[in-house]
Amino acid sequence: MKAALQAIQQQATQELEQIHDAKELENYRVKYLGKKGEVTAILKQMGKLSPEERPIIGQLANQVREEIEAMIARKGEALKAELLEQQLLAEKLDVTMPGARRPLGKKHPLTQVLDEIKEIFLGMGFDVAQGPEVETDYYNFEALNIPKGHPARDTQDTFYISDNVVLRTQTSSMQIRTMEQKKPPIRVIAPGRVYRSDAVDATHSPLFHQVEGLVVDKGVTMSDLKGTLEIVAKRLFGEDVKVRFRPHHFNFTEPSAEMDIMCFHCQGEGCRLCKGEGWIEILGCGMVHPNVLSICGIDPEEYSGFAFGMGLERLVMRRFNIDDLRLFYENDLRFLDQF
Ligand code: DAH
């Protein structure tokens with residue numbers, strides 16, 4: 001029995017080397033110390049021994065059992081430490097590695113140029129106003145001296161919501177809203193979306209943007225209009241830019257004009273960009289019609305004013321040499337990334 005116990009201890013010591021995880025260790029414990037284990041089997045046979053042998057073998061068996069228990073405990077600790085080490089290794093972070101870069105967003109080209117325009121006008125003492133895109137017939141047409149049935153309405157391709165409510169076709173509606181709320185002196189620009197029932201192509205979109213301007217005060221003249229807009233053109237397109245005013249017609253201004261800038265591509269020679277004209281139209285303008293002042297409760301005998309309206313998309317297309325307006329609305333990052 002003594003030899004058997006010694007053999008068990010030796011075998012147990014060797015076998016411990018082969019154990020690699022907690023489950024194997026548990027099987028090992030059962031094999032030696034469990035109810036049907038090898039050491040337990042020996043202890044069960046103690047009854048057959050003589051009274052002299054019993055304490056000697058008993059002591060040895062206990063020793064072997066304690067020794068195996070201690071080995072199991074040590075191995076258990078070692079396995080735990082090994083597991084922790086593996087986990088730490090797997091979760092290891094190199095904090096000196098550069099982080100994943102997030103691409104930085106940019107302002108849309110329309111917003112970039114609009115911000116520039118706002119900056120220019122703020123510097124000249126203008127306020128920036130905003131108004132509704134769903135507008136009544138009164139603000140979009142009637143109060144702008146465009147009565148029902150007037151042919152000027154036909155050119156606007158209006159989206160009607162009801163007989164009296166439209167999607168505004170021009171930011172000029174903001175002239176009326178501004179003059180209703182404020183008394184002169186007035187200096188304001190009103191940028192925003194406008195809508196026209198146009199089929200989409202390279203130069204047309206049912207939604208586009210305008211920037212309206214309005215100045216009303218005592219003694220405002222056409223030369224104020226020309227001087228102001230010339231400065232704006234220079235700020236936007238460079239000091240060398242040449243401008244010209246051509247007579248035009250708008251119902252809400254008298255006299256009315258359109259302002260052109262000399263084509264910066266061909267310097268007036270005529271090229272593809274300006275369609276051979278040498279000049280590029282950038283806005284409509286004029287002296288506020290006395291009827292419009294009156295309807296807003298401003299006495300045209302005492303006050304005068306000028307107004308202008310420009311299409312933002314065309315301006316931005318000219319600034320960046322973009323030939324298709326649809327690019328502004330598709331939000332293709334390959335396009336937007338260039339600005
Ligand atoms: N509202 C006009 C349009 O959409 C543009 C315009 C012309 C605005 C002359 C004005 C102006 O303020 O004075 O075609």
Side-chain angles (χ1 to χ4, degrees), residues 117 121 126-133 135 137-147 150-159 166-180 184 186-198 203-217 220-230 232-233 243-261 280-293 295-296 298 300 303-315 325:
I117 293 171
F121 280 103
F126 281 68
D127 290 331
V128 179
Q130 266 189 330
E133 291 167 27
E135 192 54 284
D137 184 277
Y138 177 78
Y139 290 104
N140 197 78
F141 293 123
E142 200 80 37
L144 286 164
N145 208 25
I146 313 174
H150 194 284
R153 290 196 176 207
D154 299 346
T155 63
Q156 302 254 330
D157 302 307
T158 312
F159 282 116
V166 302
L167 293 182
R168 69 178 176 192
T169 60
Q170 48 186 353
T171 46
S172 301
S173 54
M174 283 302 290
Q175 291 187 32
I176 308 303
R177 287 186 174 274
T178 303
M179 287 189 278
E180 278 183 351
I186 291 170
R187 261 177 295 185
V188 70
I189 58 164
R193 294 188 186 116
V194 296
Y195 301 83
R196 291 187 196 184
S197 173
D198 279 326
T203 55
H204 292 87
S205 159
L207 178 164
F208 58 102
H209 299 75
Q210 289 185 337
V211 182
E212 193 77 14
L214 176 69
V215 171
V216 184
D217 203 349
V220 175
T221 67
M222 191 84 183
S223 50
D224 294 318
L225 178 158
K226 290 175 78 175
T228 305
L229 294 179
E230 198 172 329
V232 173
V243 305
R244 76 175 183 192
F245 290 82
R246 273 180 297 105
H248 202 75
H249 172 80
F250 297 105
N251 278 47
F252 39 92
T253 44
E254 180 60 34
S256 303
E258 279 188 335
M259 185 176 92
D260 300 337
I261 58 171
I280 294 170
E281 181 242 312
I282 65 163
L283 56 82
C285 59
M287 300 306 291
V288 181
H289 198 290
N291 288 358
V292 175
L293 291 173
I295 212 169
C296 296
I298 294 174
Y303 292 101
S304 57
F306 69 81
F308 56 89
M310 46 191 157
L312 184 61
E313 277 80 355
R314 295 173 85 187
L315 218 67
L325 165 142

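In listed order, ligands and their atoms are each counted from 1. The model shown is predicted, which means the values in this text are computed figures rather than measured ones.
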Touching ligand 1 at all, Gln156? Heavy atoms, strictly under 4.0 Å? no
Are Asn140 and Thr169 close enough that a side-chain donor and a side-chain acceptor fall under 3.5 Å? yes
Taking atom 7 (C) of ligand 1 as the point of reference, which of Phe250, Phe208, Phe306 owns the nearest heavy atom? Phe250
Please step through ring-ring contact (aromatic ring centres under 6.0 Å, His included) for the pair Phe121 and Phe308, ending with a clear verdict. CA-CA 13 Å; Phe121 280 103; Phe308 56 89; 5.4 Å; yes
Does the pair Glu281/Arg246 count as a salt bridge with the N-to-O cut at 4.0 Å? no
With atoms numbered from 1 as shown, which atoms in ligand 1 lie under 4.0 angstrom from a non-hydrogen atom of Gly286? 13 (O)
Check ligand 1 against Ser172 and write out every atom of the ligand that is under 4.0 Å from a heavy-atom position of the residue. 1 (N), 8 (C)
So which atom in Ile176 and which in Ala143 form the shortest heavy-atom distance, rounded to 0.1 Å? CD1-O, 3.5 Å
So do Leu225 and Leu229 actually touch side chain to side chain, heavy atoms under 4.5 Å? yes
Quick check: Ala307 and ligand 1, any N/O pair under 3.5 Å apart? yes
Report the nearest protein non-hydrogen atom to atom 12 (O) of ligand 1: residue, atom name, distance rounded to 0.1 Å. Glu212 OE2, 2.6 Å
What atoms of ligand 1 come closer than 4.0 angstrom to any heavy atom of Gln210? 3 (C), 4 (O)
Return yes when atom CD of Glu180 has more than 12 non-hydrogen atoms of other residues, nucleotides or ligands closer than 6.0 Å, and no otherwise. yes
Against heavy atoms of Thr253, which atoms of ligand 1 measure under 4.0 Å? 13 (O)
Within a radius of less than 6.0 Å around CZ of Arg187, do more than 12 heavy atoms belonging to other residues, nucleotides or ligands occur? no
Nearest-neighbour protein heavy atom for atom 11 (C) of ligand 1, which is reported as residue plus atom name and distance: Phe252 CE1, 3.5 Å
Is there a nitrogen or oxygen of Phe308 sitting under 3.5 Å from a nitrogen or oxygen of ligand 1? yes
Option among Arg168, Arg193, Arg177 that satisfies the salt bridge (Lys or Arg N to Asp or Glu O under 4.0 Å) test with Glu135: Arg177
N-O pairing of Glu142 and Arg153 below 4.0 Å: yes
If hydrogens are left out, which of Glu258, Met259, Gln170, Met310 has an atom nearest to atom 1 (N) of ligand 1, that is, the closest non-hydrogen atom? Gln170
Within the structure, is a non-hydrogen atom of His248 found at a distance of less than 4.0 Å from ligand 1? no
Output yes when the distance from some N or O of ligand 1 to some N or O of Arg196 is under 3.5 Å, and no in every other case. yes
